[in-house]
**Student:** 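What follows is a single structure, and I will ask about it in a moment.
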Amino acid sequence: MSAVTTTVAVGGAVAQDPPQVRRRRRLSPGRRLPAARLVGPVLLLALWAAASVAGRLDPAAVPAPWTVVRTGAHLWTAGTLPTDILTSLRRAASGFAIGLGAGVLLALAAGLSRTGEALIDGTVNLNRAIPTLGLIPLFILWLGIGESFKVAIIAIVVYIPIYLNTHAALAGIDHRYVELAEVQGLSRFAFVRQIVIPGALPGFFVGLRLGVTGSWLGLVVLEQINATSGLGYLMFQAQNYGQSDVILVGLVVYGVFGLVSDSAVRLVERRVLSWRRTLSS
């Protein structure tokens, strides 16, 4: 649609209105809001508090937020909460480190070699089809009821999404880049460093975020099975005594750890992939 120009005769002179400039529609989401990810949790907390004040919630089933905070402070000063948090962090970190290394190495082996893909990809997808928590009885028979089986299950929960997303990103690299690397005479190491790694990083970070979340989801279940410490054990004991406020303390701590760890991964992702121009940036 062309711009329209209006001509008007004034005192013998001809005056022309400036052409109308068509306004461009903005299709992007707009500028990023500060602390935007906290809006949802704060709103949920406000609704929880309002429902508690209005008497809409049964205090025995869902205590008020200030009751949960008071209980958490008591558990912290008593030394119970710090010990359980450190135990849970140690388990989650150990399983996550093993799963991260296994997921990346298997994805590289399957993504850069047809032989590796034939040996690895089908096996990993078979493992993905088996409910991981269903492996708990078998791993208890193999590794006992100590820390080993908990770390192993967390590692499995973590490595699967990291492998799947990293391998999919490797498979999605444009073959023209491979041909260009061959024409330029790049070595295998230079090819991996300059083409493979940058091309796989977006998928890797998606898998990393899913793996971080999965480590906490697996932990909350595992710590209720033959455990003597940890946040899950604290919640399991509170269930036996009907202490819903203690259960909510554990859930809030899990939620905070999950949100903080996911935000940390997103921050690293934005820094590492700052060269990309996306809707989120």
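Heavy atoms only: backbone and side chains are in, while hydrogens, waters and symmetry mates are out. Residue numbers count from 1 along this sequence. Computed from a predicted model, the values in this text were never measured in an experiment.
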**Student:** Is a salt bridge present between K150 and E223, judged by a nitrogen-to-oxygen distance below 4.0 Å?
**Tutor:**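 Salt bridge flag = no for E223 with K150.
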
**Student:** Which pair of non-hydrogen atoms, one from R188 and one from L112, has the smallest distance, and what is that distance?
**Tutor:**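 So the minimum-distance heavy-atom pair works out to NH2-O, 3.0 Å.
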
**Student:** For the CG atom of L143 and the CD1 atom of I136, what is their distance to the nearest 0.5 Å?
**Tutor:**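 One finds 12.0 Å between CG of L143 and CD1 of I136.
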
**Student:** Please confirm whether the backbone N or O of G258 pairs with a side-chain atom of D262, one donor and one acceptor, at under 3.5 Å?
**Tutor:**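 Not confirmed, D262 side chain does not pair with G258 backbone.
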
**Student:** Donor-acceptor pair, distance only, cut-off 3.5 Å: does the side chain of T71 make one with the backbone of V246?
**Tutor:**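 Between the backbone of V246 and the side chain of T71 there is no qualifying donor-acceptor contact (under 3.5 Å).
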
**Student:** Just do the salt bridge (Lys or Arg N to Asp or Glu O under 4.0 Å) check on R114 and E117 with the steps written out, would you?
**Tutor:** CA-CA 5 Å; R114 294 299 184 188; E117 184 177 26; 3.1 Å; yes

**Student:** Between R128 and Y163, is any pair of side-chain heavy atoms under 4.5 Å apart?
**Tutor:**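 No, every pair of side-chain atoms sits at 4.5 Å or beyond.
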
**Student:** For V220, is there any backbone N or O sitting under 3.5 Å from a side-chain donor or acceptor partner on Q224?
**Tutor:**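 Here the side-chain-to-backbone pair exists.
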
**Student:** Could you tell me which non-hydrogen atom of S261 sits nearest to which non-hydrogen atom of V212, and how far apart they are?
**Tutor:**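 Nearest pair, atom of S261 first, then V212: OG-CG1, 3.0 Å.
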
**Student:** Taking the side chain as every heavy atom from C-beta outward, state whether Y233 and T87 have any pair of such atoms under 4.5 Å apart.
**Tutor:**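 Answer no - side chains too far apart.
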
**Student:** Aromatic rings F139 and W142: how do their planes relate, parallel, tilted or perpendicular, breaks at 30° and 60°?
**Tutor:**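 The rings of F139 and W142 sit tilted, inter-plane angle from 30° to 60°.
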
**Student:** What distance do T83 atom OG1 and L75 atom CG have between them, rounded to the nearest 0.5 Å?
**Tutor:**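 T83 OG1 to L75 CG: 11.0 Å, rounded to 0.5 Å.
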
**Student:** Minimum heavy-atom separation for S244 and A60, please, with both atom names.
**Tutor:**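 Shortest heavy-atom contact: OG-O, 2.8 Å.
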
**Student:** Y159 versus I98: any side-chain heavy-atom pair under 4.5 Å?
**Tutor:**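 Not touching, per the 4.5 Å side-chain cut-off.
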
**Student:** Do the non-hydrogen side-chain atoms of L217 and V157 ever get within less than 4.5 Å of each other?
**Tutor:**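 Of all side-chain heavy-atom pairs linking V157 with L217, none is under 4.5 Å.
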
**Student:** Evaluate the side-chain contact (heavy atoms from CB on, under 4.5 Å) criterion for residues L210 and I162: first the C-alpha distance (whole Å), next the side-chain angles of each, then the deciding distance (0.1 Å), finally the verdict.
**Tutor:** CA-CA 7 Å; L210 294 175; I162 291 178; over 6 Å; no

**Student:** Just verifying a value: how many Å separate L89 CG and D84 CG, rounded to the nearest 0.5 Å?
**Tutor:**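 It comes to 11.0 Å.
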
**Student:** Starting at CG of L231, measure out to CG of L81 and round the result to the nearest 0.5 Å.
**Tutor:**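 That separation rounds to 6.5 Å.
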
**Student:** Please find the pair of heavy atoms, one from A109 and one from I120, that lie closest to each other, and give the distance.
**Tutor:**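 Heavy atoms only, the tightest pair is CB-CD1, 3.7 Å.
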
**Student:** Indicate yes or no: at least one non-hydrogen side-chain atom of P59 is less than 4.5 angstrom from one of T67.
**Tutor:**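 No, their side chains stay 4.5 Å or more apart.
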
**Student:** Just do the side-chain contact (heavy atoms from CB on, under 4.5 Å) check on R209 and T213 with the steps written out, would you?
**Tutor:** CA-CA 6 Å; R209 292 180 59 194; T213 304; 5.6 Å; no

**Student:** Would you say V268 and V265 are hydrophobically clustered, going by side-chain heavy atoms of ILVMFWY under 4.5 Å?
**Tutor:**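 V268 clusters together with V265.
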
**Student:** Report whether L273 and Y177 are members of the same hydrophobic cluster (ILVMFWY, side-chain heavy atoms less than 4.5 Å apart, transitive linking).
**Tutor:**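 Shared cluster, yes.
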
**Student:** Would you compute the distance between atom CD1 of I197 and atom OG1 of T166 and round it to the nearest 0.5 angstrom?
**Tutor:**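 Answer for the CD1-OG1 pair, I197 versus T166, is 11.5 Å.
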
**Student:** side-chain contact (heavy atoms from CB on, under 4.5 Å) between V196 and L170: does it pass, once the steps are laid out?
**Tutor:** CA-CA 7 Å; V196 171; L170 288 171; 3.3 Å; yes

**Student:** Is there a path from L251 to F236 through hydrophobic residues (I, L, V, M, F, W, Y) whose side chains come within less than 4.5 Å of each other?
**Tutor:**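 No, no single cluster joins them.
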
**Student:** Are any side-chain N or O atoms of Y254 and backbone N or O atoms of G232, one a donor and one an acceptor, separated by less than 3.5 Å?
**Tutor:**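 Between the backbone of G232 and the side chain of Y254 there is a qualifying donor-acceptor contact (under 3.5 Å).
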
**Student:** Locate the shortest heavy-atom distance separating A110 from H167; write the atom from each residue and the value.
**Tutor:**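 Distance-wise, the nearest heavy atoms are CB-CD2, 3.7 Å.
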
**Student:** Do the side chains of F205 and V260 join up, straight or via other hydrophobic residues, at under 4.5 Å, putting them in one cluster?
**Tutor:**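 Hydrophobic grouping puts F205 apart from V260.
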
**Student:** Is there side-chain contact between L100 and L208, with at least one heavy-atom pair below 4.5 Å?
**Tutor:**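 Heavy-atom side-chain distance check passes, below 4.5 Å.
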
**Student:** Heavy-atom distance under 4.5 Å between the side chains of E147 and R90, does that happen here?
**Tutor:**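 The answer is no, as the side chains (C-beta and beyond) never meet within the 4.5 Å cut-off.
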
**Student:** State whether the side chain of S94 and the backbone N or O of V151 hold a donor-acceptor pair below 3.5 Å, judged by distance alone.
**Tutor:**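 No; judged by distance alone, with no hydrogens or angles, the pair does not exist.
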
**Student:** Is any side-chain heavy atom of L222 closer than 4.5 Å to one of F149?
**Tutor:**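 Side-chain contact under 4.5 Å: yes.
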
**Student:** Applying side-chain contact (heavy atoms from CB on, under 4.5 Å), run through I85 and W76 and close with a yes or a no.
**Tutor:** CA-CA 10 Å; I85 288 177; W76 184 272; 4.0 Å; yes

**Student:** Got a second to check how far N127's CG is from I160's CD1, nearest 0.5 Å?
**Tutor:**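 These two atoms lie 4.0 Å from each other.
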
**Student:** Identify the two heavy atoms, one from I195 and one from A181, that lie closest to each other, and give their separation to 0.1 Å.
**Tutor:**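 Residues I195 and A181, closest heavy atoms: CD1-CB, 3.6 Å.
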
**Student:** If two hydrophobic side chains count as joined below 4.5 Å and joins carry through other members, does I130 share a cluster with L133?
**Tutor:**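 I130 and L133: one cluster.
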
